[in-house]
Protein chains: 2
Amino acid sequence: MSKINILLAEDEPALGQIIKESLETRDFKVHLCENGEIALETYQKESPELLVLDVMMPKKDGFTLAKEIRTLDDSIPIIFLTAKSQTQDVVEGFTIGGNDYLKKPFSMEELIVRINNLLNRTKIQKTSDTLTIGNYKFDFPKQVLTIDGESQQLTHREAHLLFHLIKNKNQVLDRSLILNKLWGNDDFFSARSMDVFITKLRKKLQKDESIQIINVRGFGYKLVN
Amino acid sequence: MSKINILLAEDEPALGQIIKESLETRDFKVHLCENGEIALETYQKESPELLVLDVMMPKKDGFTLAKEIRTLDDSIPIIFLTAKSQTQDVVEGFTIGGNDYLKKPFSMEELIVRINNLLNRTKIQKTSDTLTIGNYKFDFPKQVLTIDGESQQLTHREAHLLFHLIKNKNQVLDRSLILNKLWGNDDFFSARSMDVFITKLRKKLQKDESIQIINVRGFGYKLVN
DNA sequence: CTAATCGGTTAACACACGTTAACACTGGTT
DNA sequence: AACCAGTGTTAACGTGTGTTAACCGATTAG
C-alpha cells in the first residue's frame with residue numbers, strides 16, 4: 001500500500017522539520033514547502049491527499065494559497081495552522097472552505113488526530129456520494145449525470161457548479177459566493193462565463209421538467225424541483 | 001421569503017460567531033446564545049425550526065436543555081456539538097429520533113449537510129407546498145401561478161409579494177411592513193415600485209373574478225376571495 | 001370647493017441575465 | 001511540428017426584470 005501524501009507548508013524550518021518527521025513516523029509521506037509559492041508548485045506535482053498550511057508565510061500566505069487550490073479541487077481537506085488565536089483568521093479559514101484549523105502551539109497528537117479524522121471523513125464521502133436531483137443521478141467525483149439510463153459526461157466547471165446548486169437546493173445560491181469559490185473572483189467576465197455555464201446546465205437538465213434553475217435577479221440562482 | 005430559524009447555543013464566543021456567520025451565508029437566521037438558560041428563553045421567543053447545542057456549557061448543559069425543550073416539542077431536530085474527549089456511548093443515546101451529533105472539531109460543510117438532512121427529513125423545508133387562492137394554484141418555490149391548466153411564470157418580486165398577500169388572505173397587509181421586508185426600506189421610490197407590482201399581480205390574477213387585491217388607503221392591501 | 005395626498009396605470013429606461021458563436025488555450029496524437 | 005478534440009473565456013446581441021418618471025383619477029383634510 002502506498003503511503004498517503006501530505007503537503008506541509010511551513011516557513012519556520014525548525015518547526016517544519018519537526019512536524020515532517022513526526023508525521024513520517026506515522027507512515028505518511030510529507031512534502032515540506034517553505035513558502036506558499038513553492039507549495040502551489042508542489043501541489044501540482046505531487047497531488048497530495050491533504051494539506052497542512054501555515055497561515056503566516058512569506059511570498060504567499062496560507063489563505064491565499066488555499067483559495068487558489070480550492071479552485072482546482074474543492075474537496076481536498078485542509079488544516080490551517082494559525083499563529084495567534086485571532087478570531088478573524090479563523091473566520092476567514094472557514095469561509096474558504098477549510099476543513100479545520102489548529103492554534104499554535106499545538107501537540108503532535110492533536111494534529112495527527114485531526115489528519116486521521118479528515119482522511120476518514122473524505123473516504124466515506126467518496127464512496128457514498130451520488131447526489132439525486134429529480135429523476136437525475138449525479139456522480140460528482142466522476143462528473144457523470146444520468147437519467148433514464150442515459151449518461152452524459154460533465155466538464156469540471158459544469159460539475160462543480162451543479163454540485164453547489166444541488167447542495168443548496170431550494171435555497172438561493174449567492175452569485176458572488178459561487179464566483180469566488182469556482183472562479184476565484186467575481187468580476188464582470190467571470191460573471192458572464194458563469195451565465196454561459198448556467199445555460200449549459202439548464203440544457204442538460206431539461207429532461208426532467210420539474211427541475212428548474214431559477215434566477216433571482218441581483219442575488220443568484222435557485223435550483224428547485 | 002422567511003428564513004429558517006436556527007437556535008445555536010455555544011459558550012465559546014469565537015466559535016459561536018464563526019458558526020453563526022457561516023450559517024447566515026447559507027441563508028439561515030441564527031440566534032446565538034452563550035449558555036443554556038439564555039437558549040431556553042430564546043427558544044420560547046423565537047420558536048426556531050432546529051437546535052444546534054454545545055454539550056458543555058455553563059449554567060445549563062446541552063443535554064439538560066434538550067430534555068427540557070423535548071417536553072415542549074418532541075419533534076424538533078437537535079444537533080449536539082461534543083468535544084472530542086467526551087465518551088461516545090453518552091452521545092449515542094441521542095442519535096435517535098431526528099437528532100444528530102458532531103464531534104469537535106468539525107467542518108462547516110459537515111454541519112450544513114447535517115442541518116439540511118434533518119430539515120429534509122422532518123419536512124420543515126419550505127419546499128413545494130402549493131398555495132391555493134380561488135381557482136389559482138401558486139407554487140411559491142417555483143414561482144408558478146396556474147389556473148385551468150395554464151401556467152405563468154412569476155418573477156421573484158411578484159412571487160414574494162403574492163406569497164405575503166396569500167399568507168395574509170382577507171387581512172390587511174401593512175404597506176411599510178412589506179416594503180421593509182421585500183425592498184429593505186419604505187421610501188417613496190420603493191413604494192412606487194410596489195404599486196407597479198400590485199398592478200402586475202392584479203392583471204395576472206384577473207382570470208378568477210372572485211379574487212381582488214383591495215387597497216386600504218394609508219394602510220396597505222388586502223387580498224380577498 | 002380646492003388643494004394636497006395617495007394610489008393606479010402605462011411607458012421609458014437601465015441594467016442583470018440568456019444565448020449563441022467565435023475565440024484561445026490545453027493536452028494528447030500522429 | 002501539425003493537427004485535433006475538448007474545455008473554458010470573451011464577444012456580440014437579445015431578452016427580461018425591476019425602477020423611475022409622468023400623468024391620471026380618487027379620496028380626504030382644510
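Proteins get letters first, then strands, A, B, ... in listed order; numbering begins at 1 in each. Computation of the quantities below employed the complete heavy-atom set of this structure, encompassing side-chain atoms and omitting hydrogens, waters and symmetry-equivalent molecules.
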Nearest non-hydrogen partners of B/Ala159 and B/Phe138, listed with the distance:
O-CZ, 3.5 Å
Separation of [X] atom [atom1] from [N] atom [atom2], in whole Å?
X	N	atom1	atom2	value
B/Leu201	C/dT10	CG	C1'	16 Å
A/Phe219	D/dT17	CZ	C1'	13 Å
A/Arg157	D/dT10	CZ	C1'	14 Å
A/Phe189	C/dA24	CZ	C1'	14 Å
B/Phe197	D/dG16	CZ	C1'	11 Å
B/Ile213	C/dG8	CD1	P	10 Å
B/Leu161	D/dT17	CG	C1'	15 Å
A/Leu182	D/dT7	CG	P	17 Å

Taking the minimum atom-to-atom distance to the side chain of [X], which one of [options] wins?
X	options	answer
B/Asp195	C/dG8, D/dG18, D/dT9	C/dG8
A/Val196	D/dT10, D/dT19, D/dG18	D/dT10
B/Arg202	C/dT9, C/dT20, D/dG18	C/dT9
B/Lys203	D/dT9, C/dT10, D/dT20	C/dT10
B/Asn215	D/dG8, C/dG7, C/dA11	C/dG7

Exactly one of A/Val224, A/Ile211, A/Asn225 clears side-chain contact (heavy atoms from CB on, under 4.5 Å) with A/Lys169, and that residue is A/Asn225
Checking A/Lys204, A/Glu158, A/Lys207 against A/Gln152 for side-chain contact (heavy atoms from CB on, under 4.5 Å), the one that qualifies is A/Lys204
Hey, does the side chain of [X] come within less than 4.0 Å of [N]'s phosphate (OP1/OP2), counting only N and O?
X	N	value
A/Lys200	D/dG6	no
A/Trp183	D/dT9	yes
B/Arg175	C/dC6	no
A/Thr155	D/dG8	yes
B/Tyr221	C/dG8	yes

Ignoring hydrogens and angles, are the base of C/dG8 and the side chain of B/Arg192 linked by a donor-acceptor pair under 3.5 Å?
yes
Every protein N/O lying under 3.5 Å from an N/O of nucleotides 25-30 of chain D:
residue	atom	partner	partner atom	Å
D/dT27	O2	B/Arg217	NH2	3.4

Describe, in one word, how the ring planes of B/Phe140 and B/Phe163 are oriented to each other, choosing from parallel (under 30°), tilted (30 to 60°) and perpendicular (over 60°).
parallel
Under 4.0 angstrom, heavy atoms only, what part of the nucleic acid is A/Thr199 near: base, sugar-phosphate, or nothing?
base
Checking all strands, does B/Phe188 fall into the base, sugar-phosphate, or nothing category for heavy-atom contacts under 4.0 angstrom?
nothing
Testing the 3.5 Å rule here: is there a donor-acceptor pair between the side chains of B/Asn185 and B/Ser190?
yes
Distance-only polar pair, side chains of A/His156 and A/His160, donor-acceptor under 3.5 Å:
yes
Is NZ or CZ of A/Arg217 both nearer than 6.0 Å to the six-membered ring centre of A/Phe219 and within 45° of the ring axis?
no
With a cut-off of 6.0 Å (strictly less than), are more than 12 heavy atoms of other residues, nucleotides or ligands near CD of A/Glu209?
no
